[in-house]
Amino acid sequence: MLIIFDVDGTLIGGEAFDWKCFNDAFASASGITIGPNDWMELEEVTARSFVHHVLSAHSPKRIQQLETHIANAFLKNLQAVSNQNQKAFQTTPGSLELLNLLHRDSRFQVAIATGDWLDSITFKLQSAGIAINQFPHATSSDARKRADIIRLAAQRANRPLSESIYVGDGPWDLNACRELNIPFIGTGSRIGALVEAGAKWTLPSLQTEPFMKIINQIQINQE
């Protein structure tokens, strides 16, 4: 079985730092200030999707240029925050232990699919003590849609989607899993919103024992 993880809000915390770093980078590169509800209006909550949505009045070439500037500024902002606070981006409770357990268990393979760009998510994971290159992965540097990112992560793991489960923290993650027709496990700070949206399996944190109980339930349901 392939278990694909989201990153921000799922494997690592520091979302308040993350949002501010992105918003500041976006404003400095584009001249546009992001409002508190702008992200929530998107069906596709990925970095690339957001940039293309907000800057849609520009030509494709100009959007690509601005995306590069925003991504570079975002990474610099993240690095500055981490230099000031080395605990800004840490693993969420239980996530590192769970990754280690799954890595040791031959029944499972782990991949990463995130709506962030490759360079910035690599830095945040490294700050949290996780090397992204030890897992097959796909990011918003590869695709705009989260479903496409998840699909690509499974392809890079050489596993079919029919053998995959996605773990994330947002309703957009649940929507992507519905589009792909794969099981979804919700976690993080938006459990209430996920349950309201119809998520069947949720966990406040990625503690190993309750996580594996859900995995067993999903496997039974698939038999």
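Remember, predicted model here, so these are calculated numbers, not experimental data.
The two residues F135 and A111 make their nearest non-hydrogen contact at CB-CA, 4.4 Å. Nearest heavy-atom pair, G13 versus F89, reported as atom, atom and distance to 0.1 Å: O-CD2, 3.9 Å. Residues H69 and A29 come closest through the heavy atom pair CB-CB, 4.0 Å. Of all heavy-atom pairs between A153 and A113, the closest is CB-CB, 4.0 Å. Across all non-hydrogen atoms, the minimal contact from I12 to A128 is CG2-CB, 3.6 Å. The two residues G198 and R178 come nearest to each other via the heavy atoms CA-NH2, 3.6 Å.
One finds the CG atom of D8 at 13.5 Å from the CZ atom of F17 (value rounded to the nearest 0.5 Å). For the atom pair CG (L55) and CD (Q65), the distance works out to 12.0 Å, reported to the nearest 0.5 Å. Between the CD1 atom in I185 and the CZ atom in F5 there is a gap of 7.5 Å [rounded to 0.5 Å]. Note that OG1 of T208 is 9.0 Å distant from CG of L99, once rounded to the nearest 0.5 Å. Taking OG of S164 as the reference point, atom CD1 of I182 lies at 6.0 Å (rounded to 0.5 Å). Rounding to the nearest 0.5 Å places CD1 of I130 at 12.5 Å from NZ of K124.
A heavy-atom distance below 4.5 Å is found between the side chains of M212 and L102. Contact annotation: the side chain of T10 approaches that of L206 to within less than 4.5 Å [non-hydrogen atoms, C-beta and beyond]. Counting heavy atoms from C-beta outward, I112 and L125 have side chains that approach closer than 4.5 Å. Annotation: side chain of H137 is not in contact with side chain of T122 (no heavy-atom distance under 4.5 Å). Between N216 and Q219, the closest side-chain pair of non-hydrogen atoms falls below 4.5 Å. Contact check for V7 versus D116: no side-chain heavy atoms found under the 4.5 Å cut-off. Side-chain contact check for Y166 versus L180: every heavy-atom pair is 4.5 Å or farther apart. Annotation: side chain of R159 is not in contact with side chain of P136 (no heavy-atom distance under 4.5 Å).
Annotation: side chain to side chain contact (heavy atoms under 4.5 Å, CB included) contacts of H53 (sequence neighbours excluded): L42. Considering only residues two or more places apart in sequence or on other chains, P204 meets the side chain to side chain contact (heavy atoms under 4.5 Å, CB included) condition with none of them. The side-chain hydrogen bond (donor to acceptor under 3.5 Å, both in side chains) search around Q134 returns none, not counting sequence neighbours. Residues passing the side chain to side chain contact (heavy atoms under 4.5 Å, CB included) test with V54 are F26, I32, F50, sequence neighbours excluded. Legend: residues meeting side chain to side chain contact (heavy atoms under 4.5 Å, CB included) with P171, ordered by chain and number and at least two apart, are R190, A193, L194.
D142 contributes a side-chain N or O that, together with a main-chain N or O of T139, makes up a donor-acceptor pair within less than 3.5 Å. Remark: side-chain polar atoms of S127 are paired, donor with acceptor, to backbone N or O of F123 under 3.5 angstrom. At distances below 3.5 Å, at least one donor-acceptor pair connects side-chain atoms of T187 with backbone N or O atoms of L203. For D6 (side chain) and G168 (main-chain N/O), no donor-acceptor pair under 3.5 Å exists by modelled atom type.
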**Q.** Verdict with reasoning, S120 to F22, per side chain to side chain contact (heavy atoms under 4.5 Å, CB included)
**A.** CA-CA 10 Å; S120 42; F22 185 95; over 6 Å; no

Q) Does the pair E15 and D169 meet the rule for a side chain to side chain contact (heavy atoms under 4.5 Å, CB included), with working shown? A) CA-CA 12 Å; E15 285 186 289; D169 70 307; 3.7 Å; yes

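D148 pairs in a salt bridge (charged side-chain N to carboxylate O under 4.0 Å, His left out) with only one of the listed residues (K145, R144, R146, R151), which is R151. Among L66, T46, I63, the one residue that satisfies the side chain to side chain contact (heavy atoms under 4.5 Å, CB included) test with H52 is I63.
Taking the six-membered ring for Trp and thresholds of 30 and 60 degrees, F74 and W117 have ring planes more than 60 degrees apart, a perpendicular arrangement.
I4 and V167 are members of different hydrophobic clusters when ILVMFWY side chains are connected at heavy-atom separations under 4.5 Å. Residues I214 and I191 do not share a hydrophobic cluster, clusters being chains of Ile/Leu/Val/Met/Phe/Trp/Tyr side chains in contact below 4.5 Å. No single ILVMFWY cluster, assembled from side-chain heavy atoms under 4.5 Å apart, contains both L152 and I149. Linking Ile, Leu, Val, Met, Phe, Trp and Tyr residues whenever their side-chain heavy atoms come within less than 4.5 Å places I34 and I70 in a single cluster. Linking Ile, Leu, Val, Met, Phe, Trp and Tyr whenever their side-chain heavy atoms come within less than 4.5 Å leaves I165 and L161 in two separate clusters.
The side-chain hydrogen bond (donor to acceptor under 3.5 Å, both in side chains) analysis of residues 83-104, with sequence neighbours excluded, yields the pairs T92-S95.
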